[in-house]
Structures are given as structure tokens and as C-alpha cells.
Amino acid sequence: MNKIIKLLEKNQGTFEKISQNIYLQAIKDGFLNAMPVILFSSIFLLLANVPEVIATGLGIDFALPETLTEWFNKIYEYTMGIVGLMIAGTTAKNLAVSMNRRMPDGKVIGETSVMLASLSGVLLLAVSKTSEGNFEAVNMDTRGLLSAFVSAFLTVNVFKFCITHDITIRLPKEVPGTISQNFRDIFAFSFSVLGCALIDIIARVAFKVPFADILTQVFAPLFGGVESYLGMSIVWLLIPMFWFVGVHGPSVVKPAIMAALIGNTSENLELFQSGEFPHHALTENFGNFVGELGGTGATLVVPFIFMFAMHSKQLKAVGKASFIPVLFSVNEPLLFAAPIILNPYFFIPFLIAPVVNVVIGKLFIDVLSMNGLMYVLPWASPGPLGLFLGTNFDWLSLVLSVVLIIVDILIYYPFCRAYDRTLIQEETEKTGEIEENYYNEESEMVVAENNETEKVIDTNKGNRILVICAGSGTSEQLAGALNEAAEKDDIPITAKGAAYGSHYDLLPNYDTVILAPQVKMYRDDIQEDADKYGVKVIIARGKEYVQMTQAPQEALNFVLKSLNE
């Protein structure tokens, strides 16, 4: 086991490079930017279907007025129905942000211009017109996602080429900068759109279908392979494997299958609404509520095992501090405080539990005919509740949740018990005192500093704080702790949590950034972004970060000390 861990540690740099790939980042961040639209539309789908489902379950003859149901569905169709177009724009914008870090001095890709060009390109690649001259809605939704990526990537690279080589229209210096920028982008915009138009012509002449339909046919075997038992097992083995060595696994793995995750969710809903069986297991929330039940590693049961079945003071304390966050799939307090990350005792259950979960979950769909998930719900929804709602109130989902909890307890318990015995021995040797060591970013153990810090702060600088983590779960917790302590001590500090990728537009409004350990691989990129606006970057490490989410005064002292350095 130790040999495997050493091998993973040795290749950690390679894994981090994969997660830092700007194209994968652009896809992930593009979906993140569009997630409010996806979640909003899903609410109205639930409203349109929930009353009828509840009435059927209670044996009541009730249904919403048809006009109201149509209105709910219209809102869904006018939001989720064009999500492919939205993703084309958000992906292009995020790729342009990353590309600008690599541009020569004085040369910048216009984010708005590439968004507009990408939107035009995806229409050419994916959308046809009816005989009456109207746009067809087909391929504007999730079926157009792959075309969206092609359009976004082509557009940004064409812009980069044109701007780098000064292929532009120059106006006199007296012309205002905003107008000059628009003229400078004309050639880049034109070549981008014409490139997509050329690809579209080739597709329609050679295959008699829009480019989007060709991609669907080409990638169908890939998606079909991923949705197999083996394919899904590999996906949910890789995610915790990367996390175990300190690399945020979903950021590495999920972008490659994101189109399938969202597309299958939409197809499940269409199948359900047409009276057919929603059979797709590979969906966005299947991973959240089954494979990652309680967070990466399927750790929902672990805090409860620690609290009720372990004897170590350390594990009992960790369980009490982490069980509420883990209920909402925020398991960083558990990962860094136990710790689970790079702890040989947890290597096997952390990797195996998610694999077993997805296999069991897929069996429930394939064999027992449980509905596949058909709504996109917030990833932080409690797993059993999210699974019940996402399957349109299928009672088998409740049975599945119970089975998964029992199986995960059986998987984790022996390893927790072995680790517990080790800690009990250490605590006995140290007269019951838990040694406050923790894992830092160099995989070493360091001692947490709890010294009181003089509460001195320049009220004109540094007091607007943005905390950045992978999914905005722990960052919101730390921001809340900071706000609580600052209000109590009457110190002019305000804090907000954000996910990496959504921070680009927020940075100009803040003075200081606190970077969580799970996104440490993006440190250089965030530093470069922050330097543009004179924003200070503070790096939080391992257990230090976790402790601060639960200790407002400690969090405030840490920030004040960092600001005064």
C-alpha cells in the first residue's frame, strides 16, 4: 500500500498539470458559470411534476392547471433549452481569461468579443432553420455542448493568433479605446465565425447533417463505454485517487465527461415525460448522491463511525466537527482533520467505496428499474434527499440510500478501527493529549500556530476578503467564521466564499484572497490574476484551514496577522 502511495506522490506534479490544463479548466468553469441557469430551470421542472407525483402516491386525483404546467415548462425550455449556447459563451470567456495570462505584454483577448463570436459559431455548427426561416431549438440545449466546445476553442485560438500577429484594423489614437477595441477585433471575429461556417459546410455536404449530429455519432461509443460498469468504476476510482494525493479529483476527471453527465440528465427527463424508462445512470447528480455520497470518497458515514464507534479522542472530535458539513457533501474538514488525505489507513476504503456505490446504484437502475436521475440539483444537497428528488420521488432511491450507507459502513469500519487503535496508543503514550500535527502542502507535518495576534488593521486596505476553494463549500464556511468574529470584535472586515473559476469577475471588488489547500495547484494563476488588481493572496494550509472554518476567532487572528505582515 505504501508503495502505491509513494508512486502517486511521485507523479503528483503530472496530475496537477492535467488539472491545470486550460481547456479542461475552461469547460469546468464554463459549466460553473452556467450552473445558476441549470439549477433555476430544474426548480420549475420539479414544480411542474411534483404535485402530480405526490397526488398519485396519496391516491388523490389532482393535477396542476394545464396553463400553469405549460408556464413552468416554458421557463425550463427558455433556459435549459438554450444551455448549449450559454456554455459556448462561458467556456470561451474562461478560456480567454486563461489564455490572456500567456499573451505577450500589451496584447489582450477581449472576453466579450470571444463570447459573441463563440455564440455565433455554435449556431452555425449546431442549429438549422425550418422551411419558414425559424431557428430549430434542436441542438441548442445539451445536445449542442460538444459543438459549443469546438466553437469556443476555435474562437479563442483564432483571436489569440490575430492579436499576437497584429492582424487588426488600427484607428487614430484620438478614437476612444472602447471603439478602437471593437475595430481591432473585426478580423479575429470574422475569421472565427467563418471557420465555424466552413466546418458546418463540410459536415452538411459530406454527411447531410449539422456538425453537432456528427459529433454525437462519433462520441456515442465513448459515452456508452463510460456508462458501462467498468467505465463508471474507473471514473469514480480516479476521482478519489487524485484527491488522496491532494489534487482535486473532480477538476481532473469530470470535464472530460461533463457533456455526457448533463446530456444524459436531460435525456432521462425526456424519456420520463414521454412515458419511457429513464435508464441513464451516468448523470451529474448520480455522481454527487451515489458515487460521492457525503463528498469525494463516499465519506457520509465516516464522521458517524468516528463519533459512535471509535474510542480515540481525536477521531471523536473530528467526527463531531465534520458531520454537519459532510451531510451537505462538504468533506474537506474530514479529509484534512482526520486526516484521510495521504493517510495509508484510508487509502483502500477511500478509493473502493465510491466504486462499490456506483456499481450498486447502476444495478438498481438496470435490474430493479429505479429511475435514473432526471433533474440537476445543487451538489450540496444531502445525498439521500437529492437522490429521492432527482429520481422523481422513486421509492427505490430510498432503499438504495439505506443500502449504500450500510455497505459504506462495512467498507470503512475495519480501517477506521485499525487507525483508531493506533491513535489510542499514541494518546496513551502522551498522557491523553492529542498531538496537534497536520499535513501541509509539502506533505510534511507542521504545528498549528494559535498565538494571539494584535488586532490592528488598516481600514482602507485589506478588509474585503475573498476565500477561494474548489466548490465554494468550505470557503463559505470560512467566510462566515470571519464575518462572525469581525462583527463581534467590531473590526471592519467582510468576507465572501467563492469557487475557483467563479472568482475572475469578483477579484476587482476585493482586497485580499485566502486560497484553500484543495486549490493550491492554481496558486500561480490566482496570484497572476490578483496582481492585476493589487490584491494580496494568503495561502492557508491543511488543518490550519479546516480549524479556521470551525473557529471564528482563530480565523480572524490568522487574517489579521497575515494582513499585518
Side-chain angles (χ1 to χ4, degrees), residues 42 45-46 48-59 220 223-237 239-240 257 260-301 327 329 349 351-377 379 381-413:
S42 296
L45 275 175
L46 284 170
N49 291 281
V50 167
E52 183 177 350
V53 173
I54 293 176
T56 302
L58 296 176
F223 293 156
V226 173
E227 198 169 1
S228 67
Y229 287 95
L230 177 60
M232 294 181 67
S233 296
I234 291 173
V235 168
W236 273 277
L237 176 70
I239 289 174
I257 59 170
L261 295 175
I262 301 296
N264 286 346
T265 304
S266 297
E267 187 172 339
N268 273 347
L269 179 65
E270 293 173 3
L271 290 169
F272 181 77
Q273 290 178 329
S274 63
E276 299 179 57
F277 175 54
H279 62 271
H280 288 294
L282 185 70
T283 58
E284 171 66 12
N285 283 149
F286 183 87
N288 295 333
F289 305 145
V290 178
E292 298 158 56
L293 181 63
T296 301
T299 56
L300 179 65
V301 302
L327 283 174
S329 297
L351 269 63
I352 296 302
V355 174
V356 173
N357 281 11
V358 295
V359 169
I360 294 174
K362 185 169 170 57
L363 281 170
F364 263 69
I365 294 173
D366 293 347
V367 178
L368 301 180
S369 298
M370 183 188 82
N371 290 336
L373 283 96
M374 61 192 77
Y375 305 115
V376 178
L377 301 170
W379 62 268
S381 302
L385 176 62
L387 191 59
F388 186 53
L389 293 175
T391 56
N392 209 74
F393 302 89
D394 191 328
W395 66 270
L396 280 171
S397 67
L398 300 178
V399 178
L400 173 59
S401 295
V402 173
V403 170
L404 295 181
I405 289 171
I406 293 172
V407 169
D408 290 345
I409 289 174
L410 294 175
I411 291 173
Y412 268 103
Y413 179 81

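- With contacts defined as side-chain heavy-atom distances shorter than 4.5 Å, the pair Leu385/Leu389 qualifies.
- Within the 3.5 Å criterion, the main-chain N or O of Val301 finds no donor-acceptor partner in the side chain of Asp408.
- Taking CD from Glu227 and CD1 from Ile257, the interatomic distance works out to 10.0 Å, rounded to the nearest 0.5 Å.
- Taking both residues in full, the closest heavy atoms of Val359 and Ser233 are given as CG2-OG, 3.5 Å, listed atom of the first, atom of the second, then distance.
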Step by step, work out the side-chain contact (heavy atoms from CB on, under 4.5 Å) result for Val356 and Ile360. CA-CA 6 Å; Val356 173; Ile360 294 174; 3.7 Å; yes

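- With hydrogens and angles ignored, the 3.5 Å screen pairs a side-chain donor or acceptor of Asn268 with a backbone N or O of His280.
- Here CD of Glu267 is found 5.5 Å from NE2 of His279. Values are rounded to the nearest 0.5 Å.
- No donor-acceptor pair closer than 3.5 Å links the side chain of Thr296 to the backbone N or O of Glu292.
- Taking all atoms of both residues into account, the shortest heavy-atom contact from Pro354 to Pro349 is CD-O, 4.1 Å.
- Listed for the Lys362 side chain is no donor-acceptor partner under 3.5 Å among the backbone atoms of Ser228.
- When all heavy atoms are compared, the tightest approach of Ala353 to Gly297 is CB-O, 3.9 Å.
- We find the CG-CG distance between Asn264 and Leu282 to be 5.5 Å, quoted to the nearest 0.5 Å.
- Tyr375 pairs with exactly one of Asn392, Thr265, Asn285 by the side chain to side chain donor-acceptor pair (under 3.5 Å) rule, that one being Asn392.
- Rounding to the nearest 0.5 Å places OH of Tyr229 at 3.5 Å from CG of Asp366.
- Within the 4.5 Å cutoff, side-chain heavy atoms of Asn371 are placed close to those of Pro278.
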Show, in sequence, the C-alpha distance, side-chain angles and deciding distance for Leu373 and Thr391, and conclude whether the side-chain contact (heavy atoms from CB on, under 4.5 Å) test is met. CA-CA 5 Å; Leu373 283 96; Thr391 56; 4.1 Å; yes

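- Summarising the geometry of Gly383 relative to Leu293, their closest heavy-atom pair is CA-CD1, 3.7 Å, with the distance given to 0.1 Å.
- Nearest heavy atoms, Met370 versus Asp394: CA-OD2, 3.5 Å.
- The distance from the CG atom of Leu261 to the OG atom of Ser266 is 11.5 Å, given to the nearest 0.5 Å.
- Shown are Phe289, Phe364, Trp395, Phe388; of these, the side chain to side chain contact (heavy atoms under 4.5 Å, CB included) with Leu400 is made only by Phe364.
- Ile262 approaches Glu284 most closely through the heavy-atom pair CD1-CB, 4.1 Å.
- Leu398 CG to Leu387 CG: the interatomic distance, rounded to the nearest 0.5 Å, is 8.0 Å.
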